[in-house]
Asks: 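This is the structure, below, for whatever I ask next.
Predicted, not measured: the structure shown is a model, and the values here were computed from it.
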Amino acid sequence: MERKISRIYLASKPSVIHFLQVSWEKTLGSGFVITLTDGQSAWIGTVSESEIGREADDMAMEKEKYVDELRKALVSGAGPMDSYQFDFSEEHCCFFCDKNLKDVSFSLGSFNLEKVANPAEVIREIICYCLDSIAENKAKNEHLQEANERLLRDWNDVQERFEKCVSAKEGLEIDLYKRFILVLNEKKSKIRSLHKLLNEVQELEKSMEHEREASSSCEIPAARDPIYDESTDEESGDRSETSVSAPGTLSKGDSVFSSPDVTDIAPSRKRRQHMPQDLGTDPKMALQGNQLQEKKKYEEPRIPQPHVHLPA
């Protein structure tokens with residue numbers, strides 16, 4: 001059975017302290033027992049579930065809402081002290097409970113009580129219940145205090161671990177940042193070296209291309225220059241003309257040296273005749289050979305032949 005003991009002041013006797021005890025088995029809506037005492041006398045009464053329903057109908061309220069209002073007034077003590085007003089009539093042994101609003105008040109119910117023949121037993125029971133409740137609450141308080149201390153120690157341990165974790169995290173971040181800087185610098189240096197190597201390779205390729213272009217530009221005019229071909233053709237034509245005119249000159253020379261007054265120089269003529277044949281493959285060289293032979297022919301000193309007088 002659950003109980004709730006509270007200290008109240010009656011409207012008819014505001015200077016006298018009264019104690020109100022409400023006890024119930026299952027729920028407050030299923031019925032409850034009211035005990036009222038002023039320390040000398042005691043009154044007790046039982047409120048059934050039907051009476052609660054009848055009071056709710058009289059007030060035109062739902063039963064659940066009416067039970068909630070009774071709980072606030074008799075058990076939980078919710079709201080300000082002047083929200084609810086209590087009174088008791090010893091002549092009629094009736095207990096009244098009212099709810100105060102701003103300017104009006106309405107009755108939550110009236111319950112009939114009976115005077116107890118041995119109030120000391122009721123008062124003793126109330127005192128024992130209060131002492132048991134105090135001991136129970138004290139034990140709960142001690143248990144909660146121990147739990148609070150344990151939680152405080154755990155919180156301190158967690159805080160210390162958290163601080164250690166934070167310091168370790170900061171140290172790890174600094175270490176990782178240093179390593180990252182080292183790796184980044186190494187990557188940068190490697191990238192710079194690769195760029196330098198790439199530039200060197202590109203410059204080498206450009207120089208090789210320039211050399212190939214220069215060599216190709218030198219070879220093409222030497223092999224296929226139309227002006228040079230044209231001059232070569234003219235020179236070859238002159239040389240052919242010279243080679244053609246050379247036999248006439250030689251024939252004329254042969255007629256001169258064939259006179260009886262000149263010594264036969266057949267070997268020289270033979271040499272002059274063979275030279276154009278050997279140099280025929282190269283017109284320029286043949287022309288030069290013919291010119292040298294002509295020059296030698298005219299420069300050779302003539303040897304005077306002695307005249308022999310034969311007897312008649």
Asks: Go through the steps to decide whether Cys94 and Leu113 satisfy the test side-chain contact (heavy atoms from CB on, under 4.5 Å), and finish with yes or no.
Replies: CA-CA 6 Å; Cys94 186; Leu113 304 180; over 6 Å; no
Asks: Would you call the rings of Trp43 and Phe88 parallel, tilted or perpendicular if under 30° counts as parallel and over 60° as perpendicular?
Replies: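 Judged by the thresholds at 30° and 60°, the geometry between Trp43 and Phe88 is tilted.
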Asks: May I ask you to test the Leu74-Phe32 pair for a side-chain heavy-atom distance under 4.5 Å?
Replies: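 Yes, at least one pair of side-chain atoms sits under 4.5 Å.
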Asks: What heavy-atom pair brings Ala73 and Cys97 nearest, and what distance separates the two atoms?
Replies: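 Looking at all heavy atoms of both residues, the closest pair is CB-SG, 3.8 Å.
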Asks: Would you mind listing every salt bridge (charged side-chain N to carboxylate O under 4.0 Å, His left out) that reaches into residues 16-30, with sequence neighbours excluded?
Replies: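 Applying salt bridge (charged side-chain N to carboxylate O under 4.0 Å, His left out) to every pair that reaches into residues 16-30, excluding sequence neighbours, yields nothing.
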Asks: Could you see if Val67 belongs to whatever hydrophobic cluster contains Met59? Use Ile, Leu, Val, Met, Phe, Trp, Tyr and a side-chain cutoff under 4.5 Å.
Replies: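 Yes, because Val67 and Met59 connect within a single hydrophobic cluster, where side-chain heavy atoms sit under 4.5 Å apart.
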Asks: If hydrophobic clusters are built by linking Ile, Leu, Val, Met, Phe, Trp and Tyr wherever their side-chain heavy atoms come under 4.5 Å apart, do Val122 and Ile5 end up in the same one?
Replies: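 Same cluster: Val122 reaches Ile5 through Ile, Leu, Val, Met, Phe, Trp or Tyr contacts under 4.5 Å.
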Asks: Measure the shortest side-chain to side-chain distance between His18 and Thr37 over non-hydrogen atoms and say whether it is less than 4.5 angstrom.
Replies: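 No - every pair of side-chain heavy atoms lies 4.5 Å or more apart.
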Asks: Ignoring hydrogens, what is the shortest heavy-atom contact between Ile52 and Leu28? Give both atom names and the distance.
Replies: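 Nearest heavy atoms, Ile52 then Leu28: CD1-O, 3.5 Å.
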Asks: Give the minimum heavy-atom separation between Val75 and Lys4, together with the two atoms involved.
Replies: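 The pair with the smallest heavy-atom distance is O-CE, 2.8 Å.
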Asks: Considering only heavy atoms from C-beta outward, does the side chain of Ile44 approach that of Ile34 to under 4.5 Å?
Replies: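 Side-chain contact under 4.5 Å: no.
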Asks: As an exercise, state the distance from NZ of Lys115 to OG of Ser41, rounded to the nearest 0.5 Å.
Replies: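 That separation rounds to 4.5 Å.
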Asks: Measuring from Phe96:CZ to Ser110:OG, what's the distance to the nearest 0.5 Å?
Replies: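 Going from CZ on Phe96 over to OG on Ser110, the span is 5.5 Å.
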Asks: Hey, mind stepping through Ser89 and Asp87 against side-chain contact (heavy atoms from CB on, under 4.5 Å) and telling me if it holds?
Replies: CA-CA 7 Å; Ser89 173; Asp87 199 359; over 6 Å; no
Asks: Kindly write out the residues that satisfy side-chain contact (heavy atoms from CB on, under 4.5 Å) with Glu2, not counting sequence neighbours, or none if the list is empty.
Replies: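 Trp24.
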Asks: Can you tell me which residue pairs pass the salt bridge (charged side-chain N to carboxylate O under 4.0 Å, His left out) test with a partner in residues 53-70, sequence neighbours excluded?
Replies: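 Non-adjacent pairs meeting salt bridge (charged side-chain N to carboxylate O under 4.0 Å, His left out): Glu49-Lys63, Asp68-Arg71, Asp68-Lys72, Glu69-Lys99.
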Asks: Would you mind listing every salt bridge (charged side-chain N to carboxylate O under 4.0 Å, His left out) that reaches into residues 117-132, with sequence neighbours excluded?
Replies: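 Checked against salt bridge (charged side-chain N to carboxylate O under 4.0 Å, His left out) - neighbours excluded - the pairs reaching residues 117-132 are Arg3-Glu125, Glu121-Arg124.
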Asks: For a 4.5 angstrom cut-off between non-hydrogen side-chain atoms, does Leu20 reach Thr35?
Replies: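 Result no, sub-4.5 Å side-chain heavy-atom pair not found.
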Asks: Can you tell me how far apart CD1 (Ile8) and CZ (Phe86) are? Round to the nearest 0.5 Å.
Replies: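 Between atom CD1 of Ile8 and atom CZ of Phe86 there are 5.5 Å.
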Asks: Quick one: which residue pairs count as a side-chain hydrogen bond (donor to acceptor under 3.5 Å, both in side chains) with a foot in residues 192-206, not counting sequence neighbours?
Replies: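 Sorted pair list comes back empty.
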Asks: Counting only heavy atoms from other residues, nucleotides and ligands, does the tally under 6.0 Å from CD of Glu51 exceed 12?
Replies: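 Atom CD in Glu51 is crowded, with more than 12 foreign heavy atoms closer than 6.0 Å.
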Asks: Taking Leu108's backbone N and O only, do any of them form a donor-acceptor pair with Tyr66's side chain (distance below 3.5 Å, no angle check)?
Replies: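 Pair found, side chain donor or acceptor close to backbone of Leu108.
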Asks: Between OH of Tyr9 and CD of Gln85, what distance do you get to the nearest 0.5 Å?
Replies: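 Output value for this atom pair is 15.0 Å.
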Asks: Val33 and Ile126: same hydrophobic cluster, using ILVMFWY side-chain contacts below 4.5 Å?
Replies: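 Yes; Ile126 is reachable from Val33 via cluster members.
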Asks: Mind checking what makes side-chain contact (heavy atoms from CB on, under 4.5 Å) contact with Arg179, not counting sequence neighbours?
Replies: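 With sequence neighbours excluded, Arg179 shows a side-chain contact (heavy atoms from CB on, under 4.5 Å) to Asp175, given in chain and number order.
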Asks: Nearest heavy-atom pair of Gln40 and Ile123: which atoms, and what distance?
Replies: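 Gln40 and Ile123 have their closest heavy atoms at N-CD1, 4.0 Å.
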Asks: Going from CG on Leu10 to CZ on Phe95, what distance comes out if it is rounded to the nearest 0.5 angstrom?
Replies: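 Separation between the atoms: 7.0 Å.
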Asks: Show, in sequence, the C-alpha distance, side-chain angles and deciding distance for Glu136 and Lys140, and conclude whether the salt bridge (charged side-chain N to carboxylate O under 4.0 Å, His left out) test is met.
Replies: CA-CA 6 Å; Glu136 184 179 358; Lys140 288 181 179 180; 3.6 Å; yes
Asks: Once you round to the nearest 0.5 Å, how far does CG of Asn141 lie from CG of Asn137?
Replies: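 CG of Asn137 is found 8.5 Å from CG of Asn141.
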Asks: Taking the basic N atoms (NZ, or NE/NH1/NH2) and the acidic carboxylate oxygens, is any pair closer than 4.0 Å for Lys169 and Glu173?
Replies: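 Result for this pair is yes, salt bridge flagged.
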